[in-house]
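The figures that follow rest on heavy atoms only: side chains count, while hydrogens, waters and symmetry mates do not.
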Amino acid sequence: MRRSSAVMTYATEPHVSPTATAAPTDGHVLVEVDHLTVTFGRQMVLRDISIQIRRGETVAILGESGCGKTVFLKTLVALQRPTRGKVLFDGQDLFRLSAAELARERTRMGFVFQNAALFDSMTIGENIAFPLRQHRQLSEDEIQAIVRARVAEVGLPLSVLRKKPGEISGGMRKRVGLARALALEPELMLYDEPTTGLDPIMSDVINELILRTRRQHPVTSIIVTHDMRTATKVCDRIVMLYPLARLKPGESQILYDGPAAEIEKASDRRVIQFVRGEAGERLMEMAREENNHAQSAEESVHG
């Protein structure tokens with residue numbers, strides 16, 4: 001089914017509550033990535049990544065464009081097969097499961113796509129009900145009760161249920177995507193750039209909804225973002241990745257892995273430059289990369 005790209009703006013926004021405190025963890029490792037490497041042809045995107053995420057944590061996977069954040073997220077739900085390494089969810093290697101076993105484990109996860117990925121041929125109500133109809137044996141009354149509860153939870157009016165995705169704003173579609181991801185009451189929530197393309201106010205609405213989700217549901221959350229406001233406001237922990245092309249041989253792709261509140265104290269200047277939004281030496285690096293690319297192209301033509 002084709003997904004909508006049209007936008008129509010509505011004024012309704014949720015009333016958000018104050019920032020929640022960090023959710024407690026029980027020490028149990030829910031997600032473990034062990035020496036993960038992903039390549040596409042000759043291009044390596046992720047190299048030897050090892051991370052453990054405990055139940056109840058909210059972790060930001062931070063970094064600039066091209067560092068492999070979204071590829072990393074896709075491996076966590078087995079949408080991208082690793083070249084080497086393992087991805088364990090609650091102790092199970094996802095890539096050793098049968099199709100039926102993997103489908104069952106995925107019902108324990110909620111995925112909020114960057115552009116919401118709603119089916120534009122369905123109403124908003126049908127979009128939110130979709131996973132319930134696919135994976136739960138419920139009566140229509142039970143399904144509708146859950147749909148209404150999830151819509152209210154993300155601050156949308158019940159009248160939105162009759163609309164199509166093309167009839168609501170981008171921010172509202174993001175909230176519908178969150179409502180759909182919460183429909184099955186997942187243990188793990190994954191967010192791919194949840195505030196991309198939104199204005200500052202709507203971005204903060206999404207941040208507050210993520211915090212509300214932590215408070216109301218016993219979830220572990222992984223948020224891929226380049227938005228420092230999201231990372232520091234919403235997350236307990238930040239893992240910062242760096243593009244492999246700019247690393248020295250043997251240098252770790254993880255530049256920072258620690259508390260969100262302490263990232264501005266990091267010793268690596270590349271982390272500080274990213275946090276502060278400073279180009280620093282990056283302008284010169286970009287110029288050198290462009291020159292090298294042009295030189296290689298010219299050599300290939302004359303070679």
Is it the case that the side chain of [X] and the backbone of [Y] share a donor-acceptor pair, with hydrogens and angles ignored and the cut-off at 3.5 Å?
X    : Y    : answer
K86  : Q92  : no
T232 : A260 : no
S50  : D34  : no
R148 : L158 : no
R133 : I143 : no
R214 : S221 : no
R47  : E251 : yes
Q253 : C67  : yes

Would you list the pairs meeting side chain to side chain donor-acceptor pair (under 3.5 Å) in which at least one residue belongs to residues 258-268, sequence neighbours left out?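 As it turns out, the side chain to side chain donor-acceptor pair (under 3.5 Å) pairs with a partner in residues 258-268, which skip direct neighbours, are D268-R270.
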Is there a side-chain contact between [X] and [Y] (heavy atoms, below 4.5 Å)?
X    : Y    : answer
V176 : P165 : no
P194 : I210 : yes
R162 : T123 : no
Y242 : V271 : no
R276 : M228 : no
L97  : L94  : yes
L76  : V87  : yes
T83  : M44  : no

Inspect the contact between [Y] and [X] and indicate whether a charged nitrogen and a carboxylate oxygen are less than 4.0 angstrom apart.
X    : Y   : value
D236 : R54 : no
R84  : D48 : no
D192 : K74 : no

Sole residue of E185, E153, R212, E187 in side-chain hydrogen bond (donor to acceptor under 3.5 Å, both in side chains) with H217: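 Testing each of E185, E153, R212, E187 against H217, the sole residue satisfying side-chain hydrogen bond (donor to acceptor under 3.5 Å, both in side chains) is E153.
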Assess the residue pair E101 and R96 against the criterion (salt bridge (charged side-chain N to carboxylate O under 4.0 Å, His left out)); give the C-alpha distance rounded to whole Å, side-chain angles, the decisive distance to 0.1 Å, and a yes or no. CA-CA 9 Å; E101 290 170 333; R96 292 185 176 273; over 6 Å; no
Identify the heavy atoms of [X] and [Y] that sit nearest to each other, and give their distance.
X    : Y    : answer
D120 : K164 : O-CD, 3.7 Å
T225 : A231 : CG2-CB, 4.4 Å
L62  : K69  : C-CD, 3.7 Å
C235 : I223 : SG-CD1, 3.9 Å
F119 : N127 : N-OD1, 2.8 Å
P186 : M109 : CB-C, 3.5 Å

Co-membership, hydrophobic cluster, residues [X] and [Y], 4.5 Å side-chain:
X    : Y    : value
I206 : M189 : yes
L118 : L156 : yes
I49  : L247 : no
L88  : V29  : no
L73  : V33  : yes

Name all pairs fulfilling the ring-ring contact (aromatic ring centres under 6.0 Å, His included) condition that reach into residues 68-116, sequence neighbours left out, sorted by first residue then second.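 Sorted result for residues 68-116: F111-F113.
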Roughly how far, to the nearest 0.5 Å, is the [atom2] atom of [Y] from the [atom1] atom of [X]?
X    : Y    : atom1 : atom2 : value
L30  : D90  : CG    : CG    : 5.5 Å
M240 : H226 : CE    : NE2   : 12.5 Å
E193 : L198 : CD    : CG    : 11.0 Å
T58  : L211 : OG1   : CG    : 8.0 Å
I53  : I61  : CD1   : CD1   : 5.5 Å
L209 : L178 : CG    : CG    : 6.0 Å

Considering residues at least two apart in sequence or located in another chain, which fulfil the salt bridge (Lys or Arg N to Asp or Glu O under 4.0 Å) criterion with R42?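 In terms of salt bridge (Lys or Arg N to Asp or Glu O under 4.0 Å), with neighbours along the sequence ignored, R42 is linked to no residue.
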May I have the step-by-step check of side chain to side chain contact (heavy atoms under 4.5 Å, CB included) for V59 and V31, ending in yes or no? CA-CA 11 Å; V59 180; V31 177; over 6 Å; no
Report yes or no: do S203 and R229 form a side-chain donor-acceptor pair below 3.5 Å?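 Distance-only check fails for S203 and R229.
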Run through V224, V45, L46, V71 and flag the one making a side-chain contact (heavy atoms from CB on, under 4.5 Å) with L241.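 Of the listed residues V224, V45, L46, V71, the side-chain contact (heavy atoms from CB on, under 4.5 Å) partner of L241 is L46.
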Could you walk me through whether L132 and E142 pass the side chain to side chain contact (heavy atoms under 4.5 Å, CB included) check? CA-CA 10 Å; L132 295 168; E142 289 171 321; over 6 Å; no
In this structure, are over 12 heavy atoms from other groups packed under 6.0 Å from Q134 atom CD?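 Atom CD in Q134 is crowded, with more than 12 foreign heavy atoms closer than 6.0 Å.
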Could you walk me through whether F274 and L255 pass side chain to side chain contact (heavy atoms under 4.5 Å, CB included), step by step? CA-CA 11 Å; F274 185 89; L255 296 189; over 6 Å; no
Could you go step by step and tell me if R237 and I51 meet the side chain to side chain contact (heavy atoms under 4.5 Å, CB included) rule? CA-CA 12 Å; R237 173 182 166 200; I51 296 173; 3.5 Å; yes
